Structure formats: structure tokens, C-alpha cells
Amino acid sequence: MLRTVRDNTASALSIPKDVIPGEPVITITGRQKVYIENYHRIVSFQEEEIKLQAKTCKIVVQGKRLRIEYYTKEEMLIAGQIGLVFMES
């Protein structure tokens, strides 16, 4: 219900849904870096897969030699050979 209200509000105000607070924002730069905003915690961290919990889903980054370049309470930069980025419920 809250998601529907949020989506309808974004539509009525003509703003992108990804600007709505709490929704994860993922920016991929080539095959080397993934910048993630609005995550809650690190679920698992391995050299070939990093899994994060966001408010509405889990974010999974797969690749080789993955490392966390930096992170704060709300954002993270993952570097390495990025192979796949996806979200699961």
C-alpha cells in the first residue's frame, strides 16, 4: 500500500520514482565500479559476490576481485571486475 501511495505521488508530482526517499539508487560505471545509495546493511561479502539489504530488496553484485572502496551509513562504492548487478526480493 505504501509503495502504491509513493508511486502515485511521484507520478502526480512528475518526479522520477528513484528520487523517492528510501529507494535504492545504483550507478554502474563501466565494468569497474558500482555506486549504491540507500542500502541498510551488508548481508554478505566475498571476493566474487557482495550482497546488500536495502529497504525494498536485496542488491547483489557479482564479479571477480570485488572490494568495497568506501562506505558510509547510506552509500557504498564497490570496485573490481563487475559481471552482474541485480535485485532480489
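Because the structure is predicted, anything quoted here is derived from the model rather than measured.
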Grab the two heavy atoms, one from Ile82 and one from Gln32, that are nearest each other, plus how far apart they are.
CG1-C, 3.9 Å

Hey, does Leu66 have a side-chain heavy atom less than 4.5 Å from the side chain of Glu47?
no

Can you give me the closest heavy-atom contact between Ala54 and His40, atom names plus distance?
C-CD2, 3.4 Å

Can you check whether Glu23's main-chain N or O pairs, donor with acceptor, with Asn38's side chain at less than 3.5 Å?
yes

Closest approach of Tyr39 and Thr72, non-hydrogen atoms and distance?
OH-O, 2.8 Å

Rounded distance [0.5 Å steps], CD in Glu74 versus CD in Glu37:
9.0 Å

Side chains of Glu75 and Tyr35, donor plus acceptor under 3.5 Å
yes

For the OH atom on Tyr71, are there more than 12 heavy atoms of other groups (residues, nucleotides or ligands in this structure) within a distance under 6.0 Å?
no

same_hphob_cluster(Val60, Phe45) at 4.5 Å side-chain heavy-atom cutoff
no

Approximate separation, where rounding is to 0.5 Å, of Leu77 CG and Arg67 CZ:
9.0 Å

Atom NZ of Lys73 and atom CZ of Arg41: how far apart are they, to the nearest 0.5 Å?
15.0 Å

Begin with the C-alpha distance, continue with both residues' side-chain angles, and end with the deciding distance and a verdict on side-chain contact (heavy atoms from CB on, under 4.5 Å) for Glu69 and Lys33.
CA-CA 9 Å; Glu69 294 258 318; Lys33 296 185 188 257; 4.0 Å; yes

Just by distance, do the side chain of Gln53 and the backbone of Cys57 share a donor-acceptor pair under 3.5 Å?
yes

Is there a chain of hydrophobic side chains (I, L, V, M, F, W, Y, each step under 4.5 Å between heavy atoms) that links Val85 to Ile78?
yes

Val25 reachable from Ile42 in the ILVMFWY side-chain graph, under 4.5 Å edges
no

Going through the distances and angles, do Ile59 and Ile50 end up as a side-chain contact (heavy atoms from CB on, under 4.5 Å)?
CA-CA 8 Å; Ile59 302 166; Ile50 297 173; over 6 Å; no

Inspect the contact between Lys51 and Glu88 and indicate whether a charged nitrogen and a carboxylate oxygen are less than 4.0 angstrom apart.
yes

What's the verdict on side-chain contact (heavy atoms from CB on, under 4.5 Å) for Val43 and Leu52, showing C-alpha distance, side-chain angles and the deciding distance?
CA-CA 5 Å; Val43 175; Leu52 308 172; 5.8 Å; no

Joint cluster assignment, Ile68 & Val34, ILVMFWY side-chain distance < 4.5 Å
yes

